[in-house]
Every structure is written in C-alpha cells, then in structure tokens.
Number of protein chains: 2
Amino acid sequence: MAIQSKTAFLEHFPLFETLNPDEKLRLTQMVEVKIKPRYSYIYLPGETSDKIFFLSKGTVKIGTHSKDGKEIIKSVLHPTAMFGEMGIVGEEERQDFARAMGQEVHYCVLKVEDFKRLMRSNHQLSIKILMLIGNRLRRAENRLESLIFKDARTRIIDFLKDAADQRGRRVGFEMLVKHSLTQQDIANLTGTSRQTVTSVLNELRKSNLIYFNRKSILIRDMESLV
Amino acid sequence: MAIQSKTAFLEHFPLFETLNPDEKLRLTQMVEVKIKPRYSYIYLPGETSDKIFFLSKGTVKIGTHSKDGKEIIKSVLHPTAMFGEMGIVGEEERQDFARAMGQEVHYCVLKVEDFKRLMRSNHQLSIKILMLIGNRLRRAENRLESLIFKDARTRIIDFLKDAADQRGRRVGFEMLVKHSLTQQDIANLTGTSRQTVTSVLNELRKSNLIYFNRKSILIRDMESLV
DNA sequence: TCTTAAGTGTAAAGTATCTTACAAAAGGAT
DNA sequence: ATCCTTTTGTAAGATACTTTACACTTAAGA
C-alpha cells in the first residue's frame, strides 16, 4: 500500500489526531496494512503480545476459551477500534484471541515497540492510551458487578440496552441494532447459556418489547425495557 | 508534617523512584498526609474522583454495594499501594468505596490535577501508571473469567492460592497468610455466599489441606490444593 | 434445487449455590 | 466476669440456571 493511502487510512483514527505531520509520517512508515477473511484469527492465546492493531473494516471479537471449550466474549469491535493493546501495558503473551466475525476484516498492525516510541515523543498520545485502558478497566469492573449482582435475564436485557446505546440507530421511538451475533454469542457475552438467551429474547418479543431476526434487534421502547 | 518527613514518606513508594530531586520537592509540596480510624471510609460512591491516595499503613478495601446491600470487594490493599486512581483515567465520580479495615490507616492524598501535571513532566511516571492500570485490567479480566468458568469451590481455592502467593510467608513447606478478612469478606471477594465459604474452608481443613483461625490461614501444601 | 450445517425454539431433568434458619463460639465492651 | 455483638458452623429447602434432548428453520454451498 502506498504511503499516501496509508496516510489517508490513519486519518480515520481519532487516536492519531494529535500527531504532528512528522509523527504521522513516522507512523505510516511503521504501519502494515492487512486483510483477512471472515472467521480467521488475528491472534491466538500463547502468541507474543508484541503488536497492536487498528480495525478499519469488519467486526472482530475478542475473547477466551476455558479448558472445556466454553467461550467468553470480552468485546465485539467495530472499525476505528484499537485492539491487542495489552502488549502496551506489559502483557508478554496473549491470553485472548481476536477473531474476524462474519465479514472480511481490514486492519493495520504495528509493533508495540514502535508505538511506545511514538508515545514517548507525544505525551498526548500516552494520555489517550491511558484513558482508553482506563475505560476498558471501568467496563470490565462493571461487567464483574453485573455478573455478581444481576440475574441472567437482567444481564441479557442490559446487553440489549448497551448495544442500542452504543450502536443503535433511532427509528422513530424505536432503536434498531444491526449486528452479526448469534444467540450463542450473546450468551458468551453475558455469561449465560444459549437456551436462556433464546427464551429471554422470545419472552421479550411476546411482550412486544423487542422484535428481532438473525441480523438485527429492534427495541420498541428503551424506557419500558427493564 | 514537615517537608523532611514527607520526603522520607515518599521514599517508600516505588512509583516515585524515577522522580528527580526537583520533582520530588514539587511532590512533597502537593501531598497531604492523613490518618483515619479503622472502619472509616476514605471515599464513598458519588464523591468526585479528584484525588488519588497512597497507603502507607493499615489495610484498605475497595468495593461496591448493590442496591439490595450486597457487597463486592474489588481489592484489599496493603501499604505502598496506590488507590483511587480511576480519577487519573477519566472517572468523574467514584463508583467504589474505599474503607479502612480493622486497623487505623495512614495515607497521603494528592489532587489528580497535580499528579497529572507531574506525569506530563516525567514520562517514566506516565508509563508506570499505564502499567499499573494495565495490571488492574488484567486482574479484572481474570476475575471475570473465573466467575464464568469456575464453580464456587474452585474460586475460593483460587483465592487462597492467590493470597498465599501475594502475601504468604513460607514456613517450611507450608504457607502462612495473616489477614483481617472475615469469611463474609472472602465471600464478597469470590462472588459466593458466606455459608459456602465456611463449608469449603471446613472441608479443606478436614482433608488436612489447610488450617485456619480468624486471623490467619495456613496452607499445608500449595501443590495438593487443587 | 437439493443437501448439509448452523442457528433457533421449546421442554424436562438435574444441580450447584443461595436462602433461611438457628445454634455455638469468639471477641469487645462495661 | 458478664453481656452483647460479630463471626462461624451446620443443615434443609428453595430456585435460577444449566444441561440434555430433539425438532424446526434458515442460510450457505454443491
């Protein structure tokens, strides 16, 4: 990929806004652009955490597997998100996997070492990264709370609300969330079983609080969904 | 407290190692030393997250309460630990409480604003904070995994191992952990009920894997405790 | 278009863990 | 020493959720 288009590429990431032209040039020189087919793994547990990634197209899920094959999805990422950032904060070896969901993914890769050097030269960038990791931490702790304090049904409803808040499109009073998650995925995101997800969703549909098909969920009224 | 003793005070915190004499002086000028009685709250949910704290004596627990009064303990801190650091990463208002456990606590306070200024002038410090938050994140995610993947018994045993690893003293082949936790506290740390903790601990004692009283736990053999 | 795999719907059985309940022990305070 | 509160021990009952099981539907590939 030509330097020029790489530059354009980087313009899309808010994280790099504060970089001066020189730093941007340096960044383009150390970045590598990649494309991978759907369902492919971008990294796997056990690999060295020496790279970070920036997603420009497609959807990526980050998660872990237990020994007996259960899965936790830690997050589902959309373009412009950074991932694999644990390498920046001292992780040696990946604990999680990153996997392309049902579409081809485009992303760029850079070495943690190079990125750290950039951080050293641009304090603003360091601060942004710190805030970003802080947000991750806040989200992880909230999830912990909801696992301990809330029952499965409530967690699934919370998931619906979060999804709508973060990625929903208003349609009148309703909220439409397009996604590429199976009900098993939703189960893995909420720490419940697939069957529980199915029955909660269907129950909500019967009560006319939501409508859904495989590709999207429509929340009829965010207020009444409790 | 005199500047001199404040300086001595700060020498104990590894976080401040990389500061040059001038920065150390600035730090002593912005730090405030405090003492609070046991069981008192250092901060409460809802307060503004504009201060950070460094514990020099006593034990502090960080946690949250659910609406119906259940408690999660997020961490139990010992001297030299920093806490309240969510203010550095963009938290506006405390979500957690910080509370002195069964002893008087000594700690120093400083304003997030001041600390951020210090971080700007010393990149090493920024990096250390970033690593620290990163560790917190890693721990939170591990806890998430153990909540979803493991049963109550295993989580309690994991707690015992962790406690021994982090704070245990070798006594021959055995590991002694002195603490100030009630079984209710252990329950709140592991996301289980108090009764479950009691019965698991007693069961382990019957199997001669551990011995315990109110103030300490002795792990007879770390290997065989699975 | 047909075939197959993946995803969804529904129900019944099983179970880990929480609740409720109460007694005993330990520790602090007077 | 005595009283009172907190903590610990133990058991039975209740229950939310998982597991198992199978049919049905949808999507994708040949």
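Atom C1' of nucleotide dT18(D) and atom NZ of K70(A) are separated by 9 Å, given to the nearest angstrom. Rounded to whole angstrom, the span from the CD atom of E71(A) across to the C1' atom of dT18(D) amounts to 18 Å. Taking atom NZ of residue K215(A) and atom C1' of nucleotide dT25(D), one finds them 14 Å apart after rounding to whole Å. For the pair I156(A) CD1 and dA16(D) P, the computed distance is 14 Å after rounding to whole Å. The NZ atom of K150(A) sits 18 Å away from the P atom of dA16(D) (whole-angstrom rounding). When rounded to the nearest whole Å, the span between CD1 of I217(B) and P of dT7(D) equals 15 Å. Between the P atom of dG9(D) and the CD1 atom of I186(B) lies a distance of 10 Å, rounded to the nearest Å.
Within 4.0 Å (heavy atoms only), T196(A) reaches at least one base atom of the nucleic acid. Within the 4.0 angstrom heavy-atom criterion, no nucleotide atom of any strand lies near G102(A).
A cation-pi arrangement is absent between R99(B) and Y39(B), since the terminal nitrogen or guanidinium carbon is not both under 6.0 Å from the aromatic centre and inside a 45° cone about the axis.
Taking the six-membered ring wherever Trp is involved, the centroid distance between the rings of Y41(B) and F97(B) falls below 6.0 Å.
The main-chain N or O of R155(A) is never found under 3.5 Å from a side-chain atom of D158(A) such that the two would form a donor-acceptor pair. A distance-only check finds no donor-acceptor pair linking the side chain of R214(A) to the backbone of S180(A) [under 3.5 Å]. With hydrogens and angles disregarded, no donor-acceptor distance shorter than 3.5 Å links the side chain of T59(B) to the backbone of H78(B).
Comparing the axis of the opening five pairs of the helix from dT1(C)-dA30(D) to dT30(C)-dA1(D) with that of the closing five pairs yields an angle of 50°, rounded to 10°.
Ion pairing between E145(B) and K74(A) holds under the 4.0 Å rule for side-chain N and carboxylate O. E32(A) has no carboxylate O lying under 4.0 Å from a charged side-chain N of K111(A), or vice versa, which leaves the two without a salt bridge. Using a 4.0 Å cut-off between charged nitrogen and carboxylate oxygen, E47(A) and R94(A) do not count as a salt-bridge pair. With respect to the salt-bridge test (charged N to carboxylate O, under 4.0 angstrom), the residues E141(A) and R136(B) do not qualify.
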request  = Sugar-phosphate atoms are those with a prime plus P, OP1 and OP2; base atoms are the rest. Using that split, label each nucleotide of nucleotides 2-16 of chain C B, S or - for protein heavy atoms under 4.0 Å, 5' to 3'.
outcome  = -----BBBBB-----
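With the nearest nucleotide of DNA chain C identified for both G191(B) and R38(B), G191(B) has the one nearer the 5' end.
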